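Remarks on the structure that follows.
In this text the structure is predicted, and so the values were computed from the model without any measurement. Proteins come first, then strands; the chains are lettered A, B, ... in the order of their sequence lines, and each starts at number 1.
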Amino acid sequence: MTEFFQSLGMNYEWAWFVATIAGILLIAFPLMLAVAYVILIDRKVWAAINLRKGPNVVGPFGLLQSFADGLKVFLQETIIPSAANKGIFIIAPIITFTVALAAWAVVPFADGVVLADINVGLLYILAISSLSVYGVVMAGWASNSKYPFFSAMRAAAQMISYEVSIGFILVCVVLWAGSWNLTEIVEAQRGHGFGIVNGFYFNLLLFPMWVVFFISSLAETQRVPFDLTEAESELVAGYQTEYSSMAFALYWLGEYANILLMCALNTLLFFGGWLPPVDWAPLYWVPGIIWFLLKTLFFFFMFSWVMATVPRYRYDQLMRLGWKIFLPMSLIFVFVISGYLMATGHFGNPA
Amino acid sequence: MIQAIAFYLFATMVIASGVLTIMSRNPVHSVLWLILAFFNAAGLMVLLGAEFIAMLLVVVYVGAVAVLFLFVVMMLDVDMAELRAGFIKNFPLGIAIALVLLAELVLGIGALGAGPLELGTASGANAPNLANSNIENIGALLYSKYIFVFEAAGLILLVAMIGAIVLTHRDLKTTRGHQNITKQVRRNPKEATQMKQPTVGEGVEL
Amino acid sequence: MIDLGQYLPILLFLGVALAISCVFVFLPMGVSRLTGTHNPTAEKLSEYECGFPAFEEPRSQFDVRFYLVAILFIIFDLEAAFLFPWAVSLDFTGWSGWTTMMIFIGELAIGLIYAWKVGALEWE
């Protein structure tokens, strides 16, 4: 894109700067639009599974529903509770949303279509998503109200519990791909299964890790069945109870942006990112970004599906699953996968 | 140019948030400033070319250590008057530590003659495979040359873990009997129920 | 060798994301003053507790287990941090590097087993 702006008569530095800002906006705004529609898809999927119609009044098929909600929320009054710590109360949603957006900086949408192609892209996503716990904890604490505080504590403990096993799962993938760079991880999946199937999921050792990763990503984003932070029967509505207007909506948007990020990660790490499902020439005629978006949407559908069908976990069961099943399991898989790769000479012939 | 601007941006932020960490009256604010300081320090690490260390700083310090700080600080009701008393009591010790830090600072400034920091261009003369990213270089050194140090770190982590459990774990008296999920799942109607057809007036034998 | 040019977009992205979020938070505050929906009252601004005045200090009760979870998380996060460079340098360190790491994981597995046996992983 830099060349295009250079052709408009700018010198290299300015062209680069304008191109980068344009790239950032090209990620941020479509992402927000995607979030708006993904919320609609979510509601439509639940409705279909519950044999309802779902939102269908605002615009054709309810297509404008999210915008109507957004406008309504936008025109609301921002209530800052008198007992709250005002500064932190306002900063908390800002952090949540900033973090949810910023993680997308390293996501490759297609071959070479990535804003920042850094060596440690996957680590960057891990680092940034470990920040999202602060938006939650700060909101809960700053509200100075009982339920948001409990909810925030639960959320924090839940997120860190599942981050542990996510870290080990990433190591398993990286062992196989040999790089922390997301583009290289995707490329490593080309023809992974019998030289035909693109994706690490087609691998007896990595498939269980994908299952664990998928469930952990449900827990990490606090989706059903792990939405204990929003257990309305006991905690009113979670850590955002005291929030209103756009600050409340930012939590909503940030949550969905994180869900999309997790769907994209599932795609990138296990299902071959922008590569077509099968390594077959005609399928490459479809642009990579279409494959990427289709796969991401498919995972989002799975998230909705789970939400519409699975009942909520209890908190002790949630912790048990994270610490007593996923953690030992992912540790054992680190051992098994690295041992297998060493024994089969995957790493060449090291000293 | 941009590197220099970024350096001064991060450096000022680190120092400013460091100062605010110790100046804030509310301990929760202190922790939040500390997090900002960590975050900007990670930015400085990137400028030095240590991208892996930068990410690690965020993952470990911001993502894990600061969460614990925040938990601790949010729960404690910090009494400012008591803190003041402690401040006066520990004043001599504080002065001593400040002197040590001052000495370190003087030594650090003395190192100025060694030349300026080279941003983004680590020479990497000791790195085993120069062509690769520094995460691979760190791995190649840590798991070949520094194996024993690394194992010692593992032992320290083990001790820390056991220590933490011993200190914080309380056996709860009020536990409701622990759920054995496998046992629950394996129960089936044949074992759990019995069909009885008692005649009228005789009752059921259990 | 790292390419700092790849990190500048991230910094810019953080800036843009922060700006967008700030606009989202502060713009409605301004708009609500213009449209007249901004009408704070003492009742509205009090904290929420099912219609009652708050019974007790909200920030007091807190289970010590949350600390334990946080500490265990730090330790396992550090372990994962050691695994990150290990995973991409195995072609360089070979079997000795692999064995070292397995001993390390074994040490922490002992810790995990201890935590399990003591009941530190139980929630009631």
Side-chain angles (χ1 to χ4, degrees), chain A residues 20-21 23-24 28 74-79 81-83 90 93-94 97-98 101-102 105 115-119 123 143-147 149 153 157 160-161 164 167-168 171 174-175 178-180 236 241-242 245-247 250 315-316 319 323-324 327-328 331 334-335 338 342 347-348 350-351, chain C residues 2-3 6-10 12-14 16-18 20-22 24-25 27-29 31-32 35 37-40 42 44-50 54 56 58-59 62 66 69-70 72-73 76-77 80 83-84 87-88 90-95 98 101-102 105 109 112 116 121-124:
Chain A
T20 308
I21 294 289
I24 290 169
F74 184 81
L75 293 174
Q76 272 179 345
E77 175 189 3
T78 307
I79 298 171
S82 45
I90 291 174
I94 295 180
F97 194 61
T98 308
L101 280 183
L115 188 71
D117 193 20
I118 57 176
N119 284 329
L123 269 183
S143 299
N144 202 356
S145 175
K146 202 195 275 173
Y147 299 111
F149 185 60
M153 284 302 133
I160 59 179
S161 298
V164 173
F168 291 122
V171 168
V174 167
L175 273 168
S179 171
W180 284 95
V236 191
T241 302
E242 301 284 1
S245 181
M246 219 47 199
L250 278 189
Y315 202 71
D316 63 322
M319 288 313 217
W323 287 99
K324 290 192 167 176
L327 177 61
L331 268 176
V334 169
F335 166 71
S338 62
M342 287 301 291
F347 298 110
Chain C
I2 83 156
D3 183 8
Q6 295 289 355
Y7 280 89
L8 193 54
I10 291 183
L12 289 175
F13 200 125
L14 279 174
V16 170
L18 197 62
I20 293 176
S21 324
C22 287
F24 271 141
V25 169
L27 196 63
M29 289 187 185
V31 168
S32 68
T35 55
T37 50
H38 181 76
N39 180 24
K44 202 193 282 178
L45 296 185
S46 64
E47 70 265 44
Y48 187 89
E49 198 168 306
C50 298
E56 55 209 343
R59 291 170 185 164
F62 195 137
F66 283 104
V69 167
L72 288 179
F73 170 62
F76 282 101
D77 211 33
L83 282 168
F84 296 156
V88 288
L90 267 179
D91 49 351
F92 208 85
T93 52
W95 281 108
W98 186 80
M101 184 49 87
M102 289 310 129
I105 291 181
L112 186 64
W116 197 318
L121 302 178
E122 305 281 345
W123 286 69
E124 73 291 336

Validation row: A:Val334, C:Met101 side chains within 4.5 angstrom (heavy atoms): no

Heavy-atom side-chain proximity of A:Phe74 to C:Leu27 below 4.5 angstrom: yes

Part of [X] within contact of chain A (heavy atom distance under 4.5 Å):
X: C:Met102; result: side chain
X: C:Val69; result: both
X: C:Leu112; result: side chain

Flag if over 12 foreign heavy atoms under 6.0 Å of CZ, A:Phe335: no

Max heavy-atom pair count under 4.5 Å with chain A, selected residue of C:Leu83, C:Leu14, C:Ile105, C:Asp77: C:Leu83

Atom of C:Leu90, atom of A:Ser338 and distance for their closest heavy-atom approach: CD1-CB, 4.5 Å

Taking every non-hydrogen atom, the tightest pair across C:Pro9 and A:Ile24: O-CD1, 3.9 Å

Main-chain N/O of C:Val88 paired with A:Trp180 side-chain donor or acceptor, under 3.5 Å: no

Donor-acceptor contact below 3.5 Å, side chain C:Gln6 vs main chain A:Ile118: no

Trace of the side-chain contact (heavy atoms from CB on, under 4.5 Å) decision for A:Leu101 with C:Phe13: CA-CA 8 Å; A:Leu101 280 183; C:Phe13 200 125; 4.1 Å; yes

Engaged part of A:Leu250 at the chain C interface, taking heavy atoms whose separation is under 4.5 Å: side chain

Contacting region of A:Ser179 [heavy-atom separation from chain C under 4.5 Å]: backbone

Atom pair CG/CH2 of A:Leu175 and C:Trp98 - distance to nearest 0.5 Å: 11.0 Å

Distance, nearest 0.5 Å, that separates CG of A:Asn119 from OH of C:Tyr7: 6.5 Å

Stepwise side-chain contact (heavy atoms from CB on, under 4.5 Å) check, A:Phe97 with C:Val25: CA-CA 10 Å; A:Phe97 194 61; C:Val25 169; over 6 Å; no

Aromatic plane relationship, C:Phe76 with A:Phe168 - under 30° parallel, 30 to 60° tilted, over 60° perpendicular: perpendicular

